[in-house]
Every structure is written in structure tokens, then in C-alpha cells.
Amino acid sequence: MDERQLRILRELGELGSVTAVAEALLVTPSAISQQLRLLQRSVPVPLTERDGRRLVLTAAGQALAGAAIEVETALARARHTVDEFVDKPDDSVSVAAFHSAAAAFSPLLIRGLAGPGCPRLTLAGEDVAQDHFPRLTRDYDLVLAHRLDHAPPWPSTVTVTPLLHEPLDIAVPAGHPLAGKASLTPREVADQPWITVHDGFPLMATIEAIATAANRRLDIRHRINEFAVVAEVVAAGGGLALMPRWTVPPHPAVVLRPLRGVHARRHIDALHRPERTARRAVRTVLAELRRAAAAIRGRDGGARDRGPST
């Protein structure tokens, strides 16, 4: 039995005829009769009987019709609860982000959603390999993920909201001879020691592209995924590194220089399962992420010595 069949039984008890029930529910009498037959198959005792030309409820049918009222009441209460949950503006929203995105976006989200009636943020750091980001949407409402331009697109199982298309520059110690150049080529940087991320993480493909363009293997000395640590190692003379232009705070002893001859950009996207945005609170956070992305792009200026934009 299902909700519709129980409602038909209830209406039959109240209205007294199949025709009247059909008119009330805006369907044909034959459709009402079919649903009653399907309901009868699931019950071992007769629910209806003939009273002249009319179909009326038996005692068992009246008992089930009474129970149908309780079922409809419970379902209505459940729907109301769901509606409140979906439309609740200050509901909790979980956001996971990799390190540099968390550092750039989290303060803007917290400040932008600090007022009364705003969603309650639950933030988490998740530094994973690129192909693991979609899996995180099982556990979080929104996942900030990154991939390089030429990397495979995100799978169709997740919804993607683009946030940033961020250039990747070469991080050079401020006193290094390469710091005096307006931009750098793969050949100019290939003979330097390098600091990179671990294998499987975004940016490694660009490192490999630099080596290919320079026709030589890079001397990778250190593997560090946290850009704040990378900046400190670059500043200390530990090597060169790829550094995102907008999402990493400037370091006073590090300059960024655009890379020529290799396409070096990454996408930062918000991933989520399609059903998550049925909730008003999630939509609010997603809109705030877009505003934060615009503010982060707007930092591209005199904040640090980057050289000319690409």
C-alpha cells in the first residue's frame, strides 16, 4: 500500500462513491477503482463491499481509512520538517578546502557570513590528490578543489562552480639573479634546485612541462605541499617553486615572476553533489564563495612584486 491508495480509501469513506472521489482528486473513476484493487491485494480482508450501486467501506476498510488519517498527518509533519530544514537560513554548512584555498577563502567566508541569520560554517582542511576531491562531496556540503588547465575535467557525478582561474608563477628569492627579470622561461629556471608538491597532486604536471620545455630533468630537492612553508624555504635559498599568484600571502623575501613558454594556470572550483543546493544555507555559502573569489582576484596589483601580469 502507498500514500495515494490510503488517501483514496479515506476519501471513499468520507464522500461515499467512486465518482465523487474521482471528481475530488481530478482523475477518472477507473483510475480510482484500479488503485483500490491494488490496495486490496496487499490486505488479507475485504476493504470494500457493494451497497446497491454504491461501493462502501467494510469495517476493515473503515479501520484502515482511520489509520490513513494518521499516516497523512505524519507525512505532512515530515514534509513540514523537511521544508524547514531546506529553507533554514542559519543551518550548518560544511566546507572542505585544500591548504591555500582554505587560507584565502576561509577568512572572507567567516567575515562575510558573520551576521545574524547567516549559515553556521564548519570548515575543514583536506589536502588530497586531485582525483580524490570528488569523493569528499560525500562528507561535505561544499569542497574547494583545484586542477590544472590540461587535467581531466571533474566527473559528472558532482556539480562544479568555477571560482578562480589562477596563474602559477615562479617563486624566486628576492636577492636571486632571476628576481631582476620581468618574466622567466623554462630554460632559465631548469638548472636551479626545485621545491615541488608530492606526486599525484596538482602542479606536478606543470613541473613536468617545464622540464620537457627545457629538455632536461629538474633537480627536485624538496617536496612540500604547504605553500606557506614553501615560501619560507624559497626565501632561505632552498630552491625555486611554482606559487599561485592570488591565494598565497606575499612573503617579504620572495618575488613572483610569470613563466613564459608553458601554460601555467589552475582552476579553483567548488564541488558539490547536486542535491546539496536544495538547501538555502548551502546556496548562501556558495554565493559568498563567488564574492570571495572576486575579492581575491582583485588583489592582483601592488601587493607584492610579481612582475607583469600574464
Side-chain angles (χ1 to χ4, degrees), residues 1-95 113 116-122 134-143 154-161 270-288:
M1 65 183 71
D2 63 28
E3 176 192 359
R4 180 172 176 79
Q5 292 167 355
L6 290 174
R7 185 184 179 192
I8 287 173
L9 190 72
R10 174 187 176 185
E11 297 293 347
L12 180 61
E14 292 182 4
L15 298 176
S17 74
V18 169
T19 300
V21 174
E23 290 175 353
L25 300 183
L26 303 177
V27 296
T28 64
S30 61
I32 296 298
S33 297
Q34 181 184 24
Q35 291 300 315
L36 287 172
R37 285 194 296 271
L38 291 173
L39 177 60
Q40 182 62 74
R41 291 176 187 173
S42 65
V43 180
V45 294
L47 298 174
T48 61
E49 60 185 3
R50 287 287 173 183
D51 182 9
R53 299 183 62 181
R54 296 172 58 244
L55 188 69
V56 298
L57 300 185
T58 63
Q62 291 172 5
L64 187 55
I69 297 174
E70 297 178 15
V71 170
E72 286 203 53
T73 301
L75 288 172
R77 189 179 299 113
R79 291 190 189 97
H80 179 67
T81 300
V82 170
D83 289 342
E84 283 188 331
F85 169 74
V86 166
D87 201 46
K88 189 176 182 182
D90 59 349
D91 196 22
S92 178
V93 177
S94 57
V95 181
L113 299 172
C118 288
R120 290 179 289 110
L121 289 174
T122 302
R135 305 177 196 176
L136 295 176
T137 60
R138 297 189 188 99
D139 303 317
Y140 301 98
D141 294 312
L142 298 168
V143 175
W154 302 116
S156 59
T157 53
V158 297
T159 298
V160 181
T161 299
L271 311 183
H272 63 84
R273 293 195 167 190
E275 66 272 17
R276 301 282 187 167
T277 47
R279 293 169 52 206
R280 177 180 172 185
V282 174
R283 296 195 302 272
T284 299
V285 175
L286 198 54
E288 192 62 34

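Nothing fancy with the numbering, it's 1 onward along the sequence. Just so you know, these numbers use all the heavy atoms, side chains as well, and skip hydrogens, waters and symmetry mates.
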Set of residues satisfying side chain to side chain contact (heavy atoms under 4.5 Å, CB included) with respect to [X], sequence neighbours excluded:
X	answer
Val160	Trp154, Val158, Asp269, Leu271
Thr284	Leu113, Pro119, Arg280
Asp2	Arg4, Gln5
Ser156	none

For [X], all residues meeting side-chain hydrogen bond (donor to acceptor under 3.5 Å, both in side chains), sequence neighbours excluded:
X	answer
Arg7	none
Glu288	Arg291
Gln40	none
Thr157	none

Considering residues at least two apart in sequence or located in another chain, which fulfil the salt bridge (charged side-chain N to carboxylate O under 4.0 Å, His left out) criterion with Arg276?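 Only Asp141 meet the salt bridge (charged side-chain N to carboxylate O under 4.0 Å, His left out) criterion with Arg276.
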Side-chain contact test, heavy atoms from C-beta onward, threshold under 4.5 Å: evaluate it for Arg120 versus Val93 and give yes or no.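 Of all side-chain heavy-atom pairs linking Val93 with Arg120, none is under 4.5 Å.
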Side chains of His272 and Val282: does their closest heavy-atom pair fall under 4.5 Å? no
Would you list the atom pairs, donor with acceptor, under 3.5 Å between side chains in residues 18-32 and any protein atom, with sequence neighbours excluded?
| unit_1 | atom_1 | unit_2 | atom_2 | d |
| --- | --- | --- | --- | --- |
| Thr28 | OG1 | Ser30 | OG | 3.0 |
| Thr28 | OG1 | Ala31 | N | 3.2 |

Rounded to the nearest 0.5 Å, how far apart are OG1 of Thr159 and CG of Leu142?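 That separation rounds to 10.5 Å.
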Atom CG of Leu9 and atom CG of Leu64: how far apart are they, to the nearest 0.5 Å?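 Atom-to-atom, Leu9:CG and Leu64:CG are 5.5 Å apart.
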Quick test of your reading: applying side chain to side chain donor-acceptor pair (under 3.5 Å), list the pairs with at least one residue in residues 56-72, sequence neighbours left out, ordered by first then second residue.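 Qualifying pairs, neighbours excluded: Arg10-Glu72.
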Between Leu286 and Arg283, does the side-chain contact (heavy atoms from CB on, under 4.5 Å) criterion hold? Intermediate values first, please. CA-CA 5 Å; Leu286 198 54; Arg283 296 195 302 272; 5.6 Å; no
Tabulate below the donor-acceptor pairs under 3.5 Å that side-chain atoms of residues 47-57 make, not counting sequence neighbours, or state none.
| unit_1 | atom_1 | unit_2 | atom_2 | d |
| --- | --- | --- | --- | --- |
| Arg50 | NH1 | Arg53 | O | 3.2 |
| Arg54 | NE | Gly16 | O | 3.2 |
| Arg54 | NH2 | Gly16 | O | 3.1 |

